[in-house]
Structures are given as structure tokens and as C-alpha cells.
Amino acid sequence: PAVTPASSFALLQVAALERQIFDFLGYQWAPILANFLHIMAVILGIFGTIQYRSKYLMMYAVWLVLWVGWNAFIICFYLEVGRLSQDRDFIMTFNTSLHRSWWMENGPGCLVTPVMNSNLAPEDHHVITVSGCLLDYQYIEVVSSATQIFLALFGFVYACYVSKVFLEEEDSCKCLRISHGAGGGEPQRCQTAPLDAGR
């Protein structure tokens, strides 16, 4: 069966909400803000598709370019590319806390052991050791960001294609109205049909 616009945007929205939930659990304020903007952009894309507004889809496509850049930065951050360091740069929390990814303590197979009587942590934090993880949290975050990039590329192609179809139909409607006006007849209203109509 063909992939409908509704199912495509539903997949994008579910992926964004899943990302938002785990970032909330890990107190990752920068990703939380970015995820919120992404969710709003997906809603804008849904509205543009339903209402046949090519401008909204173009805005959505522009946002997806920024979204790909943001997720590429997250991948570089967790892989510590260049001078980026998780132990020194607390970008994800806006340098307001020492919290890490939620997956650091809750990854598959991870065993968390608290370190008692440690003077290394501030008053509102605790020191732990994590062992036995089947997959380190850095790679879970990398896979999550890579998935978001893949979905964004799909959404970008879709938004560009649909906005192109809408613009072509708008141009054909204008030509139809002009031809009817030149012939002295009543101008006819042109309506845009859904993309999957008649399939």
C-alpha cells in the first residue's frame, strides 16, 4: 500500500515525541527546546498538507535543513569530534547542571552503583559508576540522531515534492481563470484534490 501524507507525518511526530520524552527524563534542556521547535514544525507541515499551503511546506523544508544540522552536531558531540568533550562541555543542559543523557544510567544491561561518601559531586548530585551496558549511551544517542536525520531527509524530499505539486496546481488554476475571463464566461473556481485521491 502507498504511504499516505497522514501516516508520514504521524511517523515524524511519534519520533519527535519519543526523543522529547527521553530528553526530558535526562534534563537535556537544549535538545528539549530543539525538539519542541521540531514538533511545531511538523504540525506546520501537517497543516500545510491538509490546507494545500505550499508556503508552509517550504518553511517546514527549511526547518528540516536546520534540524539535520542540529542532529549532526549532536552526533559530533557524543562522539567527541574535534575539541568537543562531554566531560568539559555541558551544552545540552545550558551549563546549568551536570546531568547526562537518560540512557547513561538506563541503557540496556546497565548496572548502576552509587559511590557513597564522595566529595566529587555538588550537593544536588550524586556520584555513580555504570557498568555492564550492552551499548554505551553515546551510541544510543548517535543512533537516535541518525534516525532523525534519515526521517528529516525523507520529510524534506516529501515537502519539496508536495509544495511543487501545489504550486503547479495553483498556476493551472490561474491559467484556467484567465482563459475563462478572456472568453467572456464566468470564472470558475479551481479546487485542489488530495494527493492520494483516485488511487
For the hydrophobic clusters of this structure (ILVMFWY residues joined by side-chain heavy atoms under 4.5 Å, transitively), does one cluster hold both [X] and [Y]?
X	Y	value
Leu151	Val14	no
Val165	Phe156	yes
Leu44	Ile50	no
Met59	Val42	no
Ile75	Phe77	yes

Verdict with supporting geometry, Tyr78 and Ser145, side-chain contact (heavy atoms from CB on, under 4.5 Å)
CA-CA 10 Å; Tyr78 281 106; Ser145 294; 5.9 Å; no
On a heavy-atom basis, which atom in [X] and which in [Y] lie closest, and how many Å separate them?
X	Y	answer
Ala72	Ile149	N-CD1, 3.9 Å
Ala16	Ile39	CB-CG1, 3.8 Å
Ala34	Trp70	CB-NE1, 3.6 Å
Pro108	Ile140	CD-CD1, 3.7 Å
Leu79	Tyr139	CD2-CE2, 4.1 Å
Ser101	Tyr137	CB-CD1, 3.7 Å

Counting heavy atoms not belonging to Phe47, are there more than 12 under 6.0 Å from its CZ?
yes
Got more than 12 heavy atoms from elsewhere within 6.0 Å of CZ, Phe22?
yes
After noting the C-alpha distance and the side-chain angles of Leu11 and Phe154, does the key distance pass the side-chain contact (heavy atoms from CB on, under 4.5 Å) rule?
CA-CA 11 Å; Leu11 178 62; Phe154 168 78; 6.0 Å; no
Could you check if a side-chain atom of [X] sits within less than 4.5 angstrom of a side-chain atom of [Y], using non-hydrogen atoms only?
X	Y	value
Met92	Pro31	yes
Leu84	Phe73	yes
Val112	Met104	no

Proximity of Trp63 and Tyr60 rings by center, below 6.0 Å
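Here the rings of Tyr60 and Trp63 have centres that are no less than 6.0 Å from each other.
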Let me confirm one number: the [atom1]-[atom2] distance from [X] to [Y], rounded to the nearest 0.5 Å.
X	Y	atom1	atom2	answer
Lys164	Cys160	NZ	SG	11.0 Å
Leu153	Gln148	CG	CD	11.5 Å
Phe36	Asp23	CZ	CG	14.5 Å
Glu18	Asn35	CD	CG	9.5 Å
Glu141	Asp136	CD	CG	12.0 Å

Could you tell me how the ring of Trp67 sits relative to the ring of His38: parallel (under 30°), tilted (30 to 60°) or perpendicular (over 60°)?
parallel
Taking Ile32's backbone N and O only, do any of them form a donor-acceptor pair with Gln20's side chain (distance below 3.5 Å, no angle check)?
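Checking the backbone N and O of Ile32 against the side chain of Gln20, a donor-acceptor pair under 3.5 Å is found.
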Please determine whether side-chain contact (heavy atoms from CB on, under 4.5 Å) holds for the pair Leu37 and Leu66, giving the CA-CA distance in whole Å, both sets of side-chain angles, and the decisive distance to 0.1 Å.
CA-CA 11 Å; Leu37 295 176; Leu66 300 176; over 6 Å; no
Before giving the answer on side-chain contact (heavy atoms from CB on, under 4.5 Å), spell out for Asn71 and Arg19 the whole-Å C-alpha distance, their side-chain angles and the decisive distance to 0.1 Å.
CA-CA 12 Å; Asn71 281 279; Arg19 179 79 168 272; 3.0 Å; yes
